[in-house]
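A, B, ... follow the sequence lines: proteins, then strands. Residue 1 opens every chain.
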Amino acid sequence: MKIATYNINGINGRLEHLLRWLREAQPDIVCLQELKREQHSFPESALKDAGYNAIWQGQKSWNGVAILAKNEIRELHRDLPGDDDEFTHSRYIEAFVDDVVIGCIYLPNGNPWPGPKFDYKLRWFRRLADHAKGLVNRELPVLLVGDYNVMPTELDTYKPAKYLENALFRPESREAFKKLVDQGWTDAIRDLYPHERIYTFWDYLRNAYGRNAGLRLDHFLLNKHIAPRLRTAQVDKHVRGWEHSSDHAPVWIELA
DNA sequence: ATGTCCCTGATCCAGGGA
């Protein structure tokens with residue numbers, strides 16, 4: 001089983017990219033982030049024609065998450081539980097697909113630090129951790145997949161010193177990610193490749209992709225009922241090199 | 001500070017977000 005995540009940075013102008021990549025990669029389940037499209041205008045039929053069912057939580061202009069799958073999708077949540085008026089962004093959707101529970105995550109960016117956006121990121125992180133605590137020990141395979149907007153360690157950025165004041169690399173953000181993982185999750189890519197520099201994002205600025213000035217922001221967290229099934233992982237880096245691509249590349253793992 | 005790209009809403013550009 002192949003499970004992927006792709007921050008598409010606007011599905012409006014990127015549907016053809018998505019379809020092209022789906023054709024070549026043939027993932028079984030895909031988590032998408034940054035749809036930047038309203039709920040009613042999601043390209044459901046184009047994806048259906050491509051062989052994928054979908055559930056999604058859209059929003060005008062910003063955010064937006066979706067889960068695609070070749071098989072039946074049973075929706076569990078369209079947001080993190082709780083009806084706090086503070087959290088109005090479309091950043092989480094969760095479903096039961098095949099034999100797994102999968103949460104699709106688009107964590108707030110949080111820049112600039114310090115400031116209200118950074119505080120919001122940490123509050124959102126706490127809310128995710130509260131929910132994750134209830135999932136990690138479920139007697140089911142569970143995955144929390146998506147754009148965490150965190151580089152967990154110095155290995156996850158081409159130039160750590162440059163990011164010390166960046167919300168994606170602030171100690172508070174890294175600590176929040178570590179606390180989440182320490183609940184009992186496996187960071188799939190780091191587990192398979194403990195010492196390699198692996199990036200999933202290259203900024204549009206300053207020819208970052210050409211210089212391989214990347215960041216690892218997109219992560220797969222696996223609970224103990226699925227971590228032993230992990231076989232391989234890959235970043236489809238070439239997709240970032242396509243014309244008018246997203247600033248993220250698709251990333252996938254293969255499970256036995 | 002800068003660079004680039006996507007989005008919106010009001011003009012063919014500015015401002016917010018990443």
Side-chain angles (χ1 to χ4, degrees), chain A residues 5-21 31-43 46 56-66 79 86-93 104-125 128 145-152 156-170 172-174 176-177 199-219 235-251:
Chain A
T5 183
Y6 187 17
N7 179 322
I8 195 171
N9 189 16
I11 202 166
N12 300 336
R14 214 94 64 197
L15 181 59
E16 288 311 312
H17 285 74
L18 174 61
L19 294 173
R20 179 179 170 190
W21 169 72
C31 292
L32 296 177
Q33 302 86 29
E34 282 205 84
L35 302 176
K36 297 183 175 178
R37 191 149 188 176
E38 288 183 86
Q39 181 68 10
H40 62 81
S41 60
F42 184 82
W56 63 94
Q57 185 63 31
Q59 186 168 358
K60 193 175 182 179
S61 308
W62 314 120
N63 313 311
V65 285
D79 194 0
E86 180 189 2
F87 297 100
T88 55
H89 298 178
S90 296
R91 293 183 178 275
Y92 186 83
I93 192 164
C104 174
I105 287 161
Y106 177 49
L107 216 123
N109 176 296
N111 277 306
W113 171 87
K117 289 185 181 177
F118 186 69
D119 299 340
Y120 180 77
K121 176 178 196 160
L122 296 183
R123 288 199 303 277
W124 205 96
F125 228 132
L128 172 64
V145 176
D147 179 2
Y148 281 76
N149 266 318
V150 177
M151 294 94 89
D156 301 312
T157 159
Y158 67 101
K159 195 181 273 189
K162 208 177 141 49
Y163 285 88
L164 294 174
E165 300 200 341
N166 191 297
L168 311 190
F169 198 55
R170 283 291 307 164
E172 299 91 330
S173 304
R174 284 189 271 165
F177 186 82
Y199 306 136
T200 66
F201 165 94
W202 295 263
D203 207 306
Y204 288 122
L205 307 178
R206 302 178 216 88
N207 188 31
Y209 181 68
R211 297 184 295 121
N212 196 29
L215 310 173
R216 189 172 75 101
L217 303 179
D218 301 276
H219 308 303
V235 180
D236 281 337
K237 184 177 173 181
H238 67 286
V239 175
R240 176 64 182 81
W242 289 351
E243 205 159 350
H244 305 301
S245 76
S246 167
D247 41 8
H248 293 249
V251 191

- [ ] Would you kindly compare Ile11(A) and Asn63(A) by the position of their nearest DNA chain B nucleotide and give the one closer to the 5′ end?
- [x] Ile11(A)

TODO: Could you tell me whether Arg14(A) contacts a base, only the sugar-phosphate backbone, or nothing, with contacts defined as non-hydrogen atoms closer than 4.0 Å?
DONE: sugar-phosphate

Open item on the list: Using modelled atom types and a 3.5 Å cut-off, is there a donor and acceptor pairing between side-chain atoms of Arg14(A) and backbone atoms of Ser245(A)?
Closed with: yes

TODO: Report yes or no: does Gln59(A) contribute a side-chain atom to a donor-acceptor pair with the main-chain N or O of Gly64(A) at less than 3.5 Å?
DONE: no

Open item on the list: Nearest to the Tyr106(A) side chain among dC7(B), dA18(B), dT4(B), which nucleotide is it?
Closed with: dA18(B)

Task: Nearest-Å distance for atom pair CH2/P, residues Trp62(A) and dG16(B) - done: 10 Å

Open item on the list: Looking at Glu38(A), I want to see if its CD is surrounded by more than 12 non-hydrogen atoms of other residues, nucleotides or ligands under 6.0 Å.
Closed with: yes

- [ ] To the nearest Å, give me how far apart CH2 (Trp202(A)) and P (dT4(B)) are.
- [x] 20 Å

TODO: Quickly work out the Tyr204(A) OH to dG17(B) P distance and round it to whole Å.
DONE: 18 Å

- [ ] Name the orientation class of the two ring planes belonging to His219(A) and Tyr148(A) (parallel below 30°, tilted from 30 to 60°, perpendicular beyond 60°).
- [x] tilted

Open item on the list: Would you measure the distance from the P atom in dC6(B) across to the matching atom in dT11(B) and give it in whole Å?
Closed with: 23 Å

Open item on the list: Without decimals, in angstroms, what is the distance between Asp203(A) CG and dA18(B) P?
Closed with: 13 Å

Open item on the list: Could you tell me how far dG15(B) sits from dA10(B) if I compare only their P atoms? Round to whole Å.
Closed with: 14 Å

Open item on the list: Check this one for me: any side-chain N or O of Lys60(A) less than 4.0 Å away from OP1 or OP2 of dG9(B)?
Closed with: yes

TODO: Just call it for Asn12(A): base, sugar-phosphate, or nothing, with non-hydrogen atoms closer than 4.0 Å on any strand.
DONE: sugar-phosphate

TODO: Measure from CZ on Phe118(A) to C1' on dG17(B) and round the result to the nearest Å.
DONE: 17 Å

Open item on the list: Could you tell me how far apart Tyr148(A) (OH) and dA18(B) (P) are, to the nearest whole angstrom?
Closed with: 19 Å

Open item on the list: Taking the P atom in each of dA1(B) and dC5(B), what is the distance between them to the nearest angstrom?
Closed with: 22 Å

Open item on the list: Could you check, using the six-membered ring where one of them is a Trp, whether Tyr120(A) and His89(A) have ring centers closer than 6.0 angstrom?
Closed with: yes

Task: Among dC7(B), dA18(B), dT4(B), the nucleotide that comes nearest once only the side chain of Ser61(A) is considered - done: dC7(B)

- [ ] Rounded to the nearest angstrom, tell me the gap between atom OH in Tyr120(A) and atom P in dG17(B).
- [x] 13 Å

Task: Whichever of Lys36(A) and Asn111(A) has its nearest DNA chain B nucleotide further upstream toward 5' - done: Lys36(A)

Task: Whole-Å distance separating the CG atom of Asn7(A) from the P atom of dC7(B) - done: 12 Å

